Structures are given as structure tokens and as C-alpha cells.
Amino acid sequence: MANDNKIVDLQKRKDSVMCGGGAAAIEKQKAMGKLTARERIDAILDKGSFHEYDIFVKHSATEFGMQSKELAGDGVVIGTGTVNGKPIAIYAQDFTVFGGSLGLSHARKITKVMDYALNMRIPLIGINDSGGARIQEGVNALAGYGEIFFRNTMASGVIPQISVILGPCAGGAVYSPALTDYVFMVDGTSKMFITGPEVIKTVLGEEITMEELGGAKVHCQKTGNAHFFANNEAECFEQIRTLLSLVPENNSKKADTVKTVEPKKEFKIEAIVPDDPTKPYDVRDVIKSITDDSQFFEVMEKFAGNIVIGYGRVDGQTVGFVANQPLVMAGVLDCDSSDKAARFIRYCDSFNIPIVTLEDLPGYLPGVDQEHAGVIRHGAKILYAYSEATVPRITVILRKAYGGGYIAMNSRHLQADFVFAWPGAEIAVMGPEGAANIIFRKDITEAADPAAMRQEKIAEYKEKFANPYVAAAKGYVDAVIDPKETREYIIHSLKVTANKVADRPVKKHGLPPF
Amino acid sequence: MSKENIILEDFHTIDGTYSTTLTEKFKQRKGWERPNPKEIYSYIPGTITSIEVKVGQKVEKGETLLTFNAMKMSNTYGSPISGTVAKIYVEAGQAVAKGIMLVEFE
């Protein structure tokens, strides 16, 4: 064929790009326990589904000796492929090419694939492994970051955006992950910070390693900047595939429904929650006694453990769970747990995922540190997120529901669709001890035996008010149910709410407390 | 969290005492103390460039105590009170983090 030579030529050109930064750079990458950009893409996507674009793109920088520099693909790999059979757009920075540094052409490749993702309404995955801005390209590098941030913001709430940090991600570069929905990090590999250890040492004399400053543990446990922690890249990629199987590909669709599987027999819902409201239990066991096959995919597992969020399927349908965790800090709401829950509620609402709230909390965490950290503003986020959400919202009150916490956790008053309570639920303006001390202060102080009187009044309050029937008498609770009926009630509620319409006033956008 | 090595602790609230686990953040929180106006702390990380007062010196409110560079800018610490300098904790050229005691008044 006449074109044979041209096809050989094409292959040759392709081969020269495919070896990235060359054998030595790849070896260095491997020595750090890291895969190359294309290996990572292949590992995340369905086998053989990756189609790469823009492999022949070149940079146009001329200063500082750049005109003689050939950078394979300008240090980034872009393309489309499928995950679980469904299309996605993906880019991966190639650290072996000039440290994966971001110049104008590099950024344009990224924004191109972001535009594809948004226009085609398919999820976007961005793999970050870059030394940062390509200093030689000056303000053009900054322009590139800005164009990425704008697109992240435009795509927010329209398509799922996933950031995977698999190397350094420093300076301005961190703001792209921060603007996306979910950030995945790998222990020992991922690093995110605004100013690095060297700057900190120069300015402050404080010595800290990159890992200690912005490693996976730091961001998954301490800062809440990342949502998924993995021990290695393979585990991280499995998490990404699981997440994508649970969420829809854009905000006009619902997540895929799969065949229903009953929860596992070992999770006995009626045996998990102790009667004594001061005794802890793991609320994840309650979730697993409700979900199909007892599967629960937890989000932000290591951050603000006093609230549990994540996905499970009920009757084959993806549901977002928000649950107070009595096992950690008695399940109180505080700044961090409010932030964590509120953002998750907004995510579920954006992507048509019904929310099931499991409630058992003593209220908000007291303390000067909390008040001065702005717990008013942070706590308000939960109220805002629930009130704003138009997806089906179902609440099950397992045990304690006191005070502000009762209102915040998707109460009837925030227009929950269904509120159920277990017979042991204590729905009251505050806990019996606190309430008795205030209401019966005079009786207690003037009694011959104040301690005995206090106990008597606590018991009296408990009997009269710390139960689900006062709220049920007002219709604030729709049904008091046997714990064993919980899954059945949730399945029925999901059916009833499937065509829910909740109108909201027209506005440009609301002003949620940030 | 693996369920085997959970250590339950008491957590006190006005509604009684709960048995639960406590987070590191909660355990490491600092108790609140009313700030002492006689102690001057750094409010931004930076490098001290000069000390403008001496121990024992009487200083008027607003008078410059020391100068420093932070975030590519030169700046000064003015005295928030009138009083006598008791102790100076830093010297010119020293890099200081945020929240470090710089000067103490009598």
C-alpha cells in the first residue's frame, strides 16, 4: 500500500511520545513506587478502552533555552475511555516529562478534555503529579491554572469531578483538586500544600517533611481536604471505580440501579443499639443492616468520625447515608462534622441521590474553641444543605434527638419527606438531666435530699418527654417503627418519593454559610 | 477504625456522661485563657529586622517596639499599652512563627 511508509512514520512519531521523559526518568518514577501516567490511566479505565488525544502538542515557549526543549505531549496525557462500561474523560500529568510542570500547552490539553467532559456530560478524572507551574513560561503558566479553575467551577454539580493526587501537587495547583468533588490520596505518594517545606524553613526556620506537611494522612485525617485514603495506587484505583459505579454520570441522570440483595444475616439491626443512651455502638453496623448485601462505601472515613457519610444501595438504588456516630465524641455535631455532612448532602442533591439520615446525637459540642472557630457558621451549613435539598430525604431517629441537633438532622421542620423513630427514641428539647436541672431547679435546691429529688425529676422528665410519642402526637414523626422494619420502611419511602417535585424560589444562587 | 482496639473514654456534657472515643483534635485542643495585654505576641510569621526599645525603657502607647519583614513587606509592632519594657524575647535577624512572645511589659 502506498501509505505504508506514512503509517510506519506515524508509529515512529507515536513511539517517541509514548516513552514520556525517557527511560531514566521512568526508572526514577518507578523507584518512588509510582506508575507512569499512561499506566495509571490504563489501571483505572476498562481494559483497552483508553483513546488518547493531543499526543503531538508542543509548547511554544522560547525564553530560558526552552526553544530547544522537546517535551513529549507537553507533560500531560489526555483522553477518553470507559469505567464500568460508561464513558469518562481523563487527564494525567506525566512527572517524567519536565517534572510534569504546567505550561500553556499542557494546560490547554487539560482544559480541552475538561470541555469534552462538560459538553458530553461525562465524569472527569484528573491525575495530579506535577512540580507545579513551569517557571520558564512565566505568566502563561498562571493563565493555564486559572483556565482550569474556571472550568472546574463551571462543571461543579453538573458532572462528577474526581481528583487523584499521585505525586506532588503544590502551590496554585492544589486549587483544582479543592474545587472538585472528591480527592483521592495514596499514603507516601501524594503531597498537597500551598507553600512547601523549603519556603517554610526559609521563612520560619521550621523543619517539616512533605509527608508531614501535606501527605495523605494529613489531608484525610486532619484538614479534610481529601476524601479517600489508600495504601497504594491499586487500592486507590479500585476506590475510584467503586465510587463511579455508585454515582450517575451527570446531574440529569440517576445512578444505575442493580439487582437487590438482602443485607447479610450477621447484621441484626435490633441488637446493635444499646438501650442506655450513654452507651456507644458503631452506627456503620446499623447502616450495613439496612443496605443491600450489607455493603457501605464510606466517604471521608478518617475525618470528623463523629459523623459518618457514604453510599450504600437499598433495593438496588444508590442512597447517601448521613449518620451520627455515637462511637466517636458521642456523635456530637461540631465545625468539622458539620462541614463534612453539609458538603455530602449537597453532593447527593446535585446528583439526584436520595438521602437517608440516621440520628442519634446529644447536640452540638460545647467549648470556647468551637465557638471561636465559628461553630455557628459551620453548624448552619447542615441546616442550609438539608433545607435546600430537593432529593428524597428520609430520617430514622434511632435514639437521642436533642435540641438543635434534632432540628439539624433532617427534621420534619426542614421538610424531610419521611421521619421515622424507633420506640427507644428520645426526642426532646434537651437531655433529661439537663432539662430536669433547669425546670426543677427550685424543687431540687429546696428539697431535703437534693440528689434524690434530682433523680426523681430526671426520671419524671424521661417518662413524660424523652420518648418518640410527644413528637409523634404532633405529626413531627410519621411513624414509630420496630427497628426490624427499618429497611422495609426506607424501601417503601424511596418508592413513594421517586417522582418527588420540590419547587424552590427562582434565584441566581443562594448564600450558604461558607 | 478496627473494632478490636477501641478505647472508650468518658465524655461529659450537660446531659450526662457518654461512653465514647475522643478524637485527637479534641484531646489536643488548647484551653482558653484571657489574653494578657502586657505580653506581645507575633501575629504573623516573619523575620525581626530591628529592636527599637530596651529593657527598662518607658514606652508610650503606639510607640514602635520592633520592626519586621513578613510576606515581602516591612512592618512594625507598635505598643498596645503605655508601660515599662520588662523583657525582650527576640533579636534582630531572628525568624519567628506566629504566636511567639516578643516583648513583655512590667
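Hydrogens, waters and symmetry mates are skipped; everything else that's a heavy atom, side chains included, is used. Here is how names work: the chains are called A, B, and so on, in the same order as the sequence lines, proteins then strands, and each is numbered from 1. Please read these numbers as outputs of a predicted model, since none were measured by experiment.
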So if I take each residue of [range] and look for any heavy atom under 4.5 Å from a heavy atom in chain A, which residues do I end up with?
{"range": "residues 61-76 of chain B", "result": "none"}
{"range": "residues 23-43 of chain B", "result": "B:Thr23, B:Lys25, B:Phe26, B:Arg29, B:Trp32"}
{"range": "residues 45-55 of chain B", "result": "B:Pro45, B:Gly46, B:Thr47"}
{"range": "residues 85-106 of chain B", "result": "B:Ala95, B:Val96, B:Ala97"}

- Task: Mark yes when over 12 heavy atoms from residues, nucleotides or ligands other than A:Ile376 sit less than 6.0 Å from its CD1; otherwise mark no.
- Result: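 No, CD1 of A:Ile376 has 12 or fewer neighbouring heavy atoms, counting only those of other groups under 6.0 Å.
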- Task: Can you establish whether the number of heavy atoms outside A:Glu266 located under 6.0 Å from its atom CD is more than 12?
- Result: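 Yes - once you tally the heavy atoms of other residues, nucleotides and ligands closer than 6.0 Å, there are more than 12.
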- Task: Tell me, out of A:Lys302, A:Lys279, A:Lys400, A:Glu206, who's got the most heavy-atom pairs with chain B below 4.5 Å.
- Result: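 Among the listed options, the one with the most contacts to chain B is A:Lys400.
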- At what distance, to the nearest 0.5 angstrom, does CE of A:Met430 lie from OG1 of B:Thr13?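 Result: 9.0 Å between the selected atoms.
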- Message: Evaluate B:Thr20 against A:Thr278 for side chain to side chain contact (heavy atoms under 4.5 Å, CB included), listing each step before the verdict.
- Response: CA-CA 8 Å; B:Thr20 188; A:Thr278 68; over 6 Å; no
Against chain B, label [X] side chain, backbone, both or neither, depending on which of its atoms sit under 4.5 Å from a heavy atom there.
{"X": "A:Leu365", "value": "side chain"}
{"X": "A:Asn437", "value": "neither"}
{"X": "A:Pro326", "value": "backbone"}
{"X": "A:Tyr364", "value": "neither"}
{"X": "A:Tyr402", "value": "side chain"}

- Taking the side chain as C-beta and beyond, is there a heavy-atom pair between A:Met329 and B:Thr21 under 4.5 Å?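 In short, these two side chains do not touch, never coming nearer than 4.5 Å.
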- Task: Using a 4.5 Å cut-off on heavy atoms from C-beta on, say whether the side chain of B:Phe11 contacts that of A:Val332.
- Result: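 Of all side-chain heavy-atom pairs linking B:Phe11 with A:Val332, at least one is under 4.5 Å.
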